[in-house]
Amino acid sequence: MVLSVPIFMAAAASRLYDGGGGRPAKELIAAAALSPSQETIAIMEHYFKATYIGLSTSPFVLSAVRVSLCLLYRRIFATPSFRRKSTIVIAMCIVGQIANSITNLCMCFPLSKFWNPLQPGQCINGDLFFLLICIVETLLDVVVMALPVRAIFFVQIPLKTKLVVAGIFLLGGL
């Protein structure tokens, strides 16, 4: 997790610095298609290479955060049933991360088509892929966030305190 964050941040900063000046990707592709100068193509390739690095590292970052939260919850709620549930959630996070990473790595054939859309080849529908990934990521976030809430209500403390503690755990939803 410590290594993924700087790589992801560097890729994002690289996209902003020399990656098309904040223009949408479709606009960069259209500009390169209209006037295929070396400079235009270089800017487009730089932007998409930085995007590719960011897409390749983000599943690791997101999964590392989710798994670390589940491991924290396991230390707080040390019952066997909670350990089973948290292990299932950790497995779901890891499987989702692996599927996301493999799809990111195989998004285009040949791979260089990702950063040079003008070259021949095929890519999957990126909009649909990212929509599905966002839905899965959101569901995993909700599951991780809700995991400790049920366990809180089995702790021997007053109801008001249970509600306050559950609210604190649910603050992650903000």
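- Follow the hydrophobic side-chain contacts under 4.5 Å out from Leu69 and you reach Ile76 in the same cluster.
- Hydrophobic clustering (side-chain heavy atoms under 4.5 Å, transitive across Ile, Leu, Val, Met, Phe, Trp, Tyr) groups Leu72 together with Val65.
- Expressed to the nearest 0.5 Å, how far OG of Ser86 lies from CZ of Arg75 amounts to 13.0 Å.
- A side chain to side chain contact (heavy atoms under 4.5 Å, CB included) with Met92 is found for exactly one of Val95, Ile94, Ile88, namely Ile88.
- Side-chain N or O atoms of Ser63 include none that pairs as donor or acceptor with a backbone N or O of Phe60 at under 3.5 Å.
- Between Ile90 and Leu71, some side-chain heavy-atom pair lies under the 4.5 Å cut-off.
- What you find for Gln122 and Lys113 is that their closest heavy atoms are N-CD, 3.6 Å.
- When the SG-SG distance for Cys108 and Cys123 is compared with the 2.5 Å cut-off, it comes out below that value.
- The closest side-chain heavy-atom distance from Cys134 to Leu131 is not below 4.5 Å.
- In Phe130, the CZ atom is crowded: over 12 heavy atoms of neighbouring residues, nucleotides or ligands sit closer than 6.0 Å.
- Residue Ile102 is tested with Ile98, Leu105, Asn104 for a side chain to side chain contact (heavy atoms under 4.5 Å, CB included); the sole match is Ile98.
- Between Glu137 and Pro59, every side-chain heavy-atom pair lies at or beyond the 4.5 Å cut-off.
- Here the straight-line distance linking atom CG of Leu170 with atom CE of Met145 works out to 5.5 Å at 0.5 Å rounding.
- Follow the hydrophobic side-chain contacts under 4.5 Å out from Val149 and you never reach Val165; the two are in separate clusters.
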Begin from the C-alpha positions of Phe129 and Asn100 and carry the test side-chain contact (heavy atoms from CB on, under 4.5 Å) through to its verdict.
-> CA-CA 9 Å; Phe129 170 68; Asn100 190 349; 3.6 Å; yes
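- No single ILVMFWY cluster, assembled from side-chain heavy atoms under 4.5 Å apart, contains both Trp115 and Phe109.
- Using a 4.5 Å heavy-atom cutoff, the side chains of Phe114 and Met107 are in contact.
- Ring geometry for Phe82 versus Phe77: interplanar angle of 30 to 60°, hence tilted.
- The closest side-chain heavy-atom distance from Ser101 to Gln97 is below 4.5 Å.
- Here Tyr73 pairs with Phe169 under the ring-ring contact (aromatic ring centres under 6.0 Å, His included) rule; sequence neighbours left out.
- Distance alone, capped at 3.5 Å, places no donor-acceptor pair between the Lys162 side chain and the Ile152 backbone.
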Using the side-chain contact (heavy atoms from CB on, under 4.5 Å) rule, take Thr87 and Arg74 through it: C-alpha gap first, then chi angles, then the decisive distance, then the call.
-> CA-CA 9 Å; Thr87 302; Arg74 284 173 68 118; 2.6 Å; yes
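- Thr161 places no side-chain N or O within 3.5 Å of a backbone atom of Ile157 that could act as its donor or acceptor partner.
- A single hydrophobic cluster is seen to contain both Ile124 and Ile133, as judged by linkage of ILVMFWY side chains at heavy-atom distances under 4.5 Å, directly or through other members.
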